[in-house]
Novice: 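This is the structure I have questions about; it appears just below.
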Amino acid sequence: MTARQMTTAPSEGQAVDFTFTEEQQAAAEAARGVFAGVAPDTVPSPALTPGAVAEGLDRELWSRLAGADLLSLLLDEAYGGAGLDAIALCLVLRESAKVLARVPLLEHSAAAAVVGAYGSKESGERLLERAGRGELVLTVAASGRSGHDSAELAVTARREGASWVLNGVQTAVPWAYDADLVVVPAHIEGAAAGGSVLALLPRGLDGVTLVEQVSTNGERLAELRLAGARLEAGEVIEAEGAWEWLHALLATGTCALALGLGERVLEMTAEYTGGREQFGHPIATFQAVAVQAADRYIDLRAMAATLWQAAWRIASGAPGALPAAGDVAVAKIWAAEGVRRVVQTAQHLHGGFGADTDYPLHRYHAWAKHLELALGPAAAYEERLGDLLAAHPLS
């Protein structure tokens with residue numbers, strides 16, 4: 001739902017306001033201003049580049065985001081933040097995806113938010129103001145070994161005195177080579193199911209190795225290998241529920257990126273089919289073209305509805321028939337499958353022009369595939385949803 005943030009669920013008979021708050025709308029407007037003029041083709045085409053399209057993030061854009069206070073949206077005012085919520089972040093992420101912004105806005109914001117919400121006061125004071133100003137870059141290793149299984153199971157954490165020792169592998173870590181700190185979920189060695197911590201790994205820590213990987217969109221990722229990496233207790237978040245909350249925020253943010261990308265691709269398709277003529281008429285007026293475009297519009301509306309429902313559950317903490325993870329799973333299923341259908345239809349309706357590397361559609365196609373698989377494919381979330389339904393049967 002495109003729901004206004006609510007701190008509690010509406011009581012029986014109470015009207016629900018389905019508009020965004022002024023603060024949320026202001027964040028989206030600020031984002032549109034920052035992303036205005038950002039071109040999606042500022043780096044080489046991933047179709048023509050054998051490796052990564054660039055070594056690092058767009059530092060100029062990163063500075064502009066910091067200057068507009070968009071890197072501190074979720075931070076408490078005590079750390080110079082706006083104190084906003086997941087809905088505001090998703091509105092900003094939607095705008096960023098329309099221009100294929102090459103910045104770790106989702107990972108950075110989510111990492112900072114989990115430190116603020118679950119970390120120690122010392123960690124907050126050490127990291128959050130600088131993160132909000134863009135002086136520190138944060139990211140999250142949340143894909144596990146395959147992107148399908150739970151990420152925390154890929155790394156073990158063992159307590160040794162006042163320290164923690166980490167071993168394992170996380171794959172496809174975004175922006176790892178740019179980050180000053182990587183948040184890594186880890187299963188506590190010997191703990192019962194669900195026992196996990198979040199390790200805050202600083203750059204250059206002994207026992208940490210990065211091996212370059214390249215995403216389908218040409219961005220530089222890393223396989224993060226941990227072999228006896230040691231952290232002090234203050235660098236590990238032990239609070240119950242921290243990883244689950246962080247994962248929900250990351251997955252929902254990925255849905256916002258998919259929505260923004262899909263909306264821009266449908267706009268491009270409308271512009272092209274409205275101007276391309278056959279037999280003296282725009283091809284957009286042909287029934288076969290209009291029906292396919294309409295189907296993709298329906299996909300986008302479903303993606304939007306499930307996204308805002310998930311973001312609202314995270315932001316408000318409101319109860320539901322299922323835990324919030326159920327709404328997140330539904331949103332991710334729609335996002336993964338919907339964005340794939342949108343770009344495939346756009347490619348079909350553009351014909352050979354859509355594959356022209358001088359035209360940006362192929363870039364959106366590559367980013368869509370990356371987002372479809374990010375944090376796990378739709379099948380992984382279908383399994384999670386099935387588990388939730390089994391544990392919480394709907395009456």
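For clarity, every value in this text was computed on a predicted model and none was experimentally measured.
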Novice: Does a donor on one side chain and an acceptor on the other come within less than 3.5 Å for E189 and N167?
Specialist: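 Side chains of E189 and N167: no pair found under 3.5 Å.
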Novice: Would you say E55 has more than 12 foreign heavy atoms packed within less than 6.0 Å of its CD?
Specialist: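 Open: at most 12 neighbouring heavy atoms sit under 6.0 Å from CD of E55.
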Novice: Flag the pair E382 and R384 as a salt bridge only when some basic side-chain nitrogen lies within less than 4.0 angstrom of an acidic carboxylate oxygen.
Specialist: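 R384 and E382: not salt-bridged.
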Novice: Within the distance-only criterion (no hydrogens, no angle test), does the side chain of S45 pair as donor or acceptor with the backbone N or O of A47 below 3.5 angstrom?
Specialist: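 Looks like yes, one N/O pair under 3.5 Å.
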Novice: Using the side-chain contact (heavy atoms from CB on, under 4.5 Å) definition, which of the options L138, T139, L246, I237 pairs with V183?
Specialist: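 The single option meeting the side-chain contact (heavy atoms from CB on, under 4.5 Å) with V183 is L246.
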Novice: Does a side chain donor of either S215 or H370 reach within less than 3.5 Å of an acceptor in the other side chain?
Specialist: yes
Novice: Above 12 or not: heavy atoms from other molecules or residues under 6.0 Å from NE2 of H392?
Specialist: yes
Novice: On the ring face of Y297, is R301 found with NZ or CZ under 6.0 Å from the centre and within 45° of the axis?
Specialist: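 Checked: cation-pi criterion met.
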Novice: If only atom types and distance count, is the side chain of D178 paired as donor or acceptor with the main-chain N or O of G56 below 3.5 Å?
Specialist: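 No; zero donor-acceptor contacts below 3.5 Å.
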Novice: Just one of V330, L385, D327 clears the side-chain contact (heavy atoms from CB on, under 4.5 Å) bar with L322, so which one?
Specialist: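 Exactly one pass, corresponding to L385.
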Novice: Can you find a side-chain donor-acceptor pair between Q213 and T171 that sits under 3.5 Å?
Specialist: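 Yes.
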Novice: Before accepting this row, confirm whether a basic side-chain N of the pair E337/K332 lies closer than 4.0 Å to the acidic partner's carboxylate O.
Specialist: no
Novice: Should the pair H247 and Y381 be assigned to parallel (<30°), tilted (30 to 60°) or perpendicular (>60°) ring geometry?
Specialist: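 If you compare the ring of H247 with that of Y381, the planes turn out parallel.
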Novice: Regarding D299 and R296, does a basic nitrogen lie under 4.0 Å from an acidic carboxylate oxygen?
Specialist: yes
Novice: Evaluate the ring planes of F353 and Y359, with Trp represented by its six-membered ring, and classify them as parallel (under 30°), tilted (30 to 60°) or perpendicular (over 60°).
Specialist: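 Because their plane-to-plane angle lies in the 30° to 60° range, the rings of F353 and Y359 count as tilted.
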Novice: With a 4.0 Å cut-off on N to O distance, would you call E60 and R64 a salt bridge?
Specialist: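 Looking at R64 together with E60, the answer is yes, because their closest N to O distance falls below 4.0 Å.
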